[in-house]
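Take a look at the structure set out below.
Chain naming here is simple, since letters A, B, ... match the order of the sequence lines and numbering starts at 1 in each.
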Amino acid sequence: MLSGGGAASRIQTGRIAERFARVMSRYNFRETETKWQRVWRERRLFEVSAKPGMPKYYMLEMFPYPSGKLHVGHVRNYTMGDLIARYRRAQGFNVLHPMGWDAFGLPAENAAMAENVHPVVWTHQNIATMRAQLERMGFAYDWSREIATCHPEYYRHQQKMFLDFLAAGLAYRRESWVNWDPVEHTVLANEQVVDGCGWRSGAIVEKRLLAQWALRITAFTEELLDALRGLDRWPERVRLMQEKWIGRSEGARVFFDVAGRDERIEVFTTRQDTLFGASFVALSPNHPLAQRLAGSDPELADFIAECNRMGTSEAVIETAEKRGYKTGLEAVHPVDPNRRVPVYVANFVLMEYGAGAVFGCPAHDQRDLEFARKYQLPVIPVVLPPDASPAHFTIGETAYTEDGTLFNSEFLDGLSVADAKRAAGERLEAIGRGERTIAYRLRDWGVSRQRYWGCPIPVVYCPVCGVVPVPEAELPVELPIDVGFDTPGNPLAHHPSWKHVECPRCRGPAERETDTLDTFFDSSWYFLRFCSARDARAFAGEAAAYWMPVDQYIGGVEHAILHLLYSRFFTRALSQCGYLDLDEPFAGLFTQGMVCHQTYRSASGDWLFPDEVERDPDGRLIGPDGRPVIAGRHEKMSKSKKNVVGLDTIVDTYGADTARLYLLSDSPPERDLEWTETGIEGIWRYVNRVWRLVSEPPVALPPPGTAVAGELPPEVVGLRRAIHRTIAAVSDDLEKFRFNRAVARIRELTNSVEELPQHAFGTSTGAPAVLREALETLARLLGPMMPHLAEEMWQALGGAGLLVEQPWPVADSQLARDEQVTIAVQINGKLRATLECPRDSASGAVESAALRLPQVARWLDGRPPRKVIVVPNRIVSIVA
RNA sequence: GCGGACGUGGCGAAAAGGUAGACGCAGCAGACUUAAAAUCUGCUCCGGGCAACCGGGUGCGGGUUCGAAUCCCGCCGUCCGCACCA
């Protein structure tokens, strides 16, 4: 066994040494990259300030959680942002491109418990590591604006915001449900609940009601929904997801009296038209009436307790088996007092939505139908499909949810669904049994967290004065450092002295709030702080007015709803509190895909890092123990499955530019990217080819600025056309976030330069000048993608100043124009020939030329075509 | 369960409704080399044919159109989100 391990590590060392030798003999990225990073830093090129006369561009990538090390998923995001930032800068914009750390959060506390390291230390070490990694990548950040949300100078401002929200009625206290681990006596995050059990204790998780702080995001519901339409530079799918999340539905509140009791059940429904198909009413287990009934019905109390032995996540609730408990009560139909339906308590009814109670119409709702079948409740169809006969229409296993004509419904008979909704609503209103209303899925945002590593909520509880805000002069309420993590639960609550304070109002003994704020609170305004990161205020008004909104925001689609919705709300809430005058923080949004990698398991079933897997001489995969490896599926990179690629190894081996170009070139940015070792080697070969073209050009280059003069051979004219077409196409691709295509076009131009035959230079004095134009163009176009290599190319070409300070090239449309076009000729939709024509030839001429082609004549076989369609410069379509 | 997306060669992909597979990766053959690496050249969607060429082909089944990867309808599969992970 020992020797096996030794052999494996010898292979590994051998491979790295071999790679290293290969690398050192060529383009020296090590020296080049550190050199240019130093130059940019020393000249403070990326430190910017507001310049009112100059057009601004705010480029922002979602700031990272400092989890330890940067992975290629982060780097893909930041590479795209840097590309745009450098491109806009070259176009003459004053570009703000900041970076910071979303530094509060659960993993720091987990590390504290697992590795016995304080969250402060762990976080700061991780930030230092990750900052160094970002610097090595050569990203053009304004580091003078770096922020970390765990810094008191950052969170003091959000404590002030919280107090302002409180004063404005946008923050309030309410009871809400949490996941409770009965063994550890700790509140669990949804992520910490695995199959209904606590991740550490394994105990079955319970729901508990806790008094917590919430933000009134619902005060802005309509605005947040309506303004989505104006976000025309957001992906359609993200706007759709937010729209669905807000979940506006028009319907009605309907009141059911409980037979024989002085009790009324209010339900919300979007299907008031199906009122005559009702066969039950169902209450949420946490509905007040259900709670009251449970007091005298132990069986119901058990059922409710069982419903509460389940996490709070909607996915869990919705996928659980639908179950109900028959209370024995009967609800009186609101329109027809002679009808009665049974009242159930059901586990699928959410207290948070609508009225916490529903009526069930099994014929026209699938979930109600399944419930009705399970508890043998009647299924009464009331909407008749267009071609069905009322006498024979029945419901089987599928509810009918489409439009149709109402029947079995008294005064609604004969109406369409839409008309019946209106008529039913009117009748309910007229008899005082309900009213039409709009319900939203969106709930207020609970921001209290029973955790240490977050921003303290600046309030004090006084037995005399009640809830008292901490006076502004006493902010920030700083997190104490001397805490222990041995006792489960919130260390702040266990701290011997921290929470004991004087009441700011009456000076009597009082207690601090020991909950901290949700970390989404931290990230809901960081983009504003970046506008003036060292200001004594949260942000300077003028700076925010100049820089905001963010022109281009880039991040993972996993933030499509929560972070983006909260930030949109925050911007409005802050505007309402007088901080600024803005509704939408992000004018442009792009959501990039994940980075994936194949997974590997050893013979004993343990996950293996890709680095630990080698190929033996027969090409089989073997692990560090010398035994065969099982190659698994390609998945999103995650620490738990070890399918991560360390950034440092990549940058050490190939350099930052190669990594950057690979991340841009391989897949469209919005799609997932498969990380492959061979792919990055291909980029490395390309880097060397480009560098060779510049360092050893095929002919001596004329001095910079030499005009292209004289007659050019056709190949050189073609190269010149390629140069200008590439400039135009790459610019267009960058505008549309088609980075992989932009890279492909630059590679095509590189191929064109390499393919230029030597003799093309011999006959013309202008040809070397065109070669120079091509190489300079390559450097300029590659600049935002591979800034170090491009800067080195620019210097080797003798360009003036730094490449970063050069303007973006502009295509000459005359030079880009090709006078010949290839036209496809189709017969009955199949390609049969092609035709070379001068550009913009008359359709008649193209048509007759196409009909004269021998291939066409053969297919027509002497018959005249029935129809000919000519699309200029593209295609001739012949119908035979 | 609900909501959102995606599906094209061996692989990543490209294609204003107009020549499907640009640009790469991998593979094969060749050049250089004592040899290897590096580099360079050529080939590579599938089937048939010596070839010119012919037939088929963008998850599956239909439809619209002179023409569909692209638009419409229905299925299948995969991925993401679901409010305390960030």
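Atom P of B:rU64 sits at a distance of 34 Å from the matching atom of B:rG1, rounded to the whole Å. B:rC6 and B:rA14 have their P atoms separated by 13 Å, given to the nearest Å. Going from the C1' atom of B:rG30 to that of B:rC23 covers 24 Å, rounded to whole Å. Spacing of P atoms, B:rG77 relative to B:rG59, comes out at 16 Å, to the nearest Å. The separation of B:rG9 from B:rG57, taken at their C1' atoms, amounts to 10 Å, rounded to a whole angstrom.
Residue A:R866 is out of contact with every strand shown, counting any heavy-atom pair closer than 4.0 Å. Residue contacts shown for A:R237 are limited to sugar-phosphate atoms, with no base heavy atom under 4.0 Å away. A:K830 comes within contact range of the sugar-phosphate backbone alone, with a heavy-atom separation under 4.0 Å but no base atom that close. A:T676 comes within 4.0 angstrom of nothing in the nucleic acid, heavy atoms only. If you check every strand for non-hydrogen atoms under 4.0 Å, A:F520 touches a base. A:H563 comes within contact range of no nucleotide atom at all, as no heavy-atom separation falls under 4.0 Å. Base contact: A:R874 has a heavy atom under 4.0 Å from a base atom. Among the heavy atoms of the strands, none lies under 4.0 Å from A:N828. Residue contacts for A:V178: at a heavy-atom cut-off of 4.0 Å it reaches a base atom on one of the strands shown. Using a 4.0 Å heavy-atom distance criterion, A:L106 is classed as a sugar-phosphate-only contact. Among the heavy atoms of the strands, none lies under 4.0 Å from A:I317. Among the heavy atoms of the strands lying under 4.0 Å from A:T822 is at least one base atom, whether or not backbone atoms are also near. As judged by a 4.0 angstrom heavy-atom cut-off over every strand, A:P64 is placed among residues making no nucleic acid contact. Within the 4.0 angstrom heavy-atom criterion, no nucleotide atom of any strand lies near A:V193.
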Practice problem: Apply side-chain hydrogen bond (donor to acceptor under 3.5 Å, both in side chains) to A:R689 and A:N751, showing your working. | Solution: CA-CA 10 Å; A:R689 272 170 53 204; A:N751 292 346; 2.7 Å; yes

Exercise. Please step through ring-ring contact (aromatic ring centres under 6.0 Å, His included) for the pair A:F521 and A:Y566, ending with a clear verdict.
Key: CA-CA 8 Å; A:F521 200 111; A:Y566 291 153; 9.8 Å; no

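Between the CG atom of A:N190 and the C1' atom of B:rA86 there is a distance of 13 Å, rounded to whole Å. One atom, CE of A:M594, and another, C1' of B:rG81, lie 11 Å apart when rounded to the nearest Å. Protein atom CG of A:L749 is 18 Å distant from nucleotide atom P of B:rA22, rounded to whole Å. Distance, A:N490 CG to B:rC84 P: 17 Å, rounded to whole Å. A straight line from CD of A:E558 to C1' of B:rC6 spans 16 Å, rounded to a whole angstrom. Going from atom CG of A:L673 over to atom P of B:rG24 covers 18 Å, rounded to whole Å. The CD atom of A:E236 sits 12 Å away from the C1' atom of B:rA5 (whole-angstrom rounding). Rounded to whole angstrom, the span from the CG atom of A:D672 across to the P atom of B:rG7 amounts to 12 Å.
Evaluation of atom-type donor-acceptor distances gives a pair under 3.5 Å for the side chain of A:Q450 against the base of B:rC84. A:S877 contributes a side-chain N or O that forms a donor-acceptor pair with the base of B:rC66 under 3.5 Å. No hydrogens or angles were tested; on distance alone, a donor-acceptor pair under 3.5 Å links the side chain of A:R451 to the base of B:rC84. No hydrogens or angles were tested; on distance alone, nothing pairs the side chain of A:E754 with the base of B:rC40 as donor and acceptor under 3.5 Å.
Of the listed nucleotides (B:rU19, B:rG3, B:rC85), B:rG3 has the atom at the smallest distance from the side chain of A:K244. Closest approach to the A:A315 side chain among B:rC85, B:rC82, B:rC66 is made by B:rC82 (side chain taken as heavy atoms from C-beta onward). In this structure, of B:rC54, B:rG12, B:rA26, it is B:rA26 that holds the atom nearest to the side chain of A:T678.
Taking syn as a glycosidic angle within 90° of 0, B:rG9 qualifies as syn.
The main-chain N or O of A:E677 is never found under 3.5 Å from a side-chain atom of A:Y662 such that the two would form a donor-acceptor pair. Side-chain atoms of A:H559 do not come within 3.5 Å of backbone N or O of A:G556 as any donor-acceptor pair.
Centroid-to-centroid, the aromatic rings of A:F29 and A:W684 come within less than 6.0 Å. Centroid-to-centroid, the aromatic rings of A:F527 and A:Y553 stay 6.0 Å apart or farther.
Defined by atom type and a distance below 3.5 Å, a donor-acceptor pair is present between the side-chain atoms of A:D840 and A:N873.
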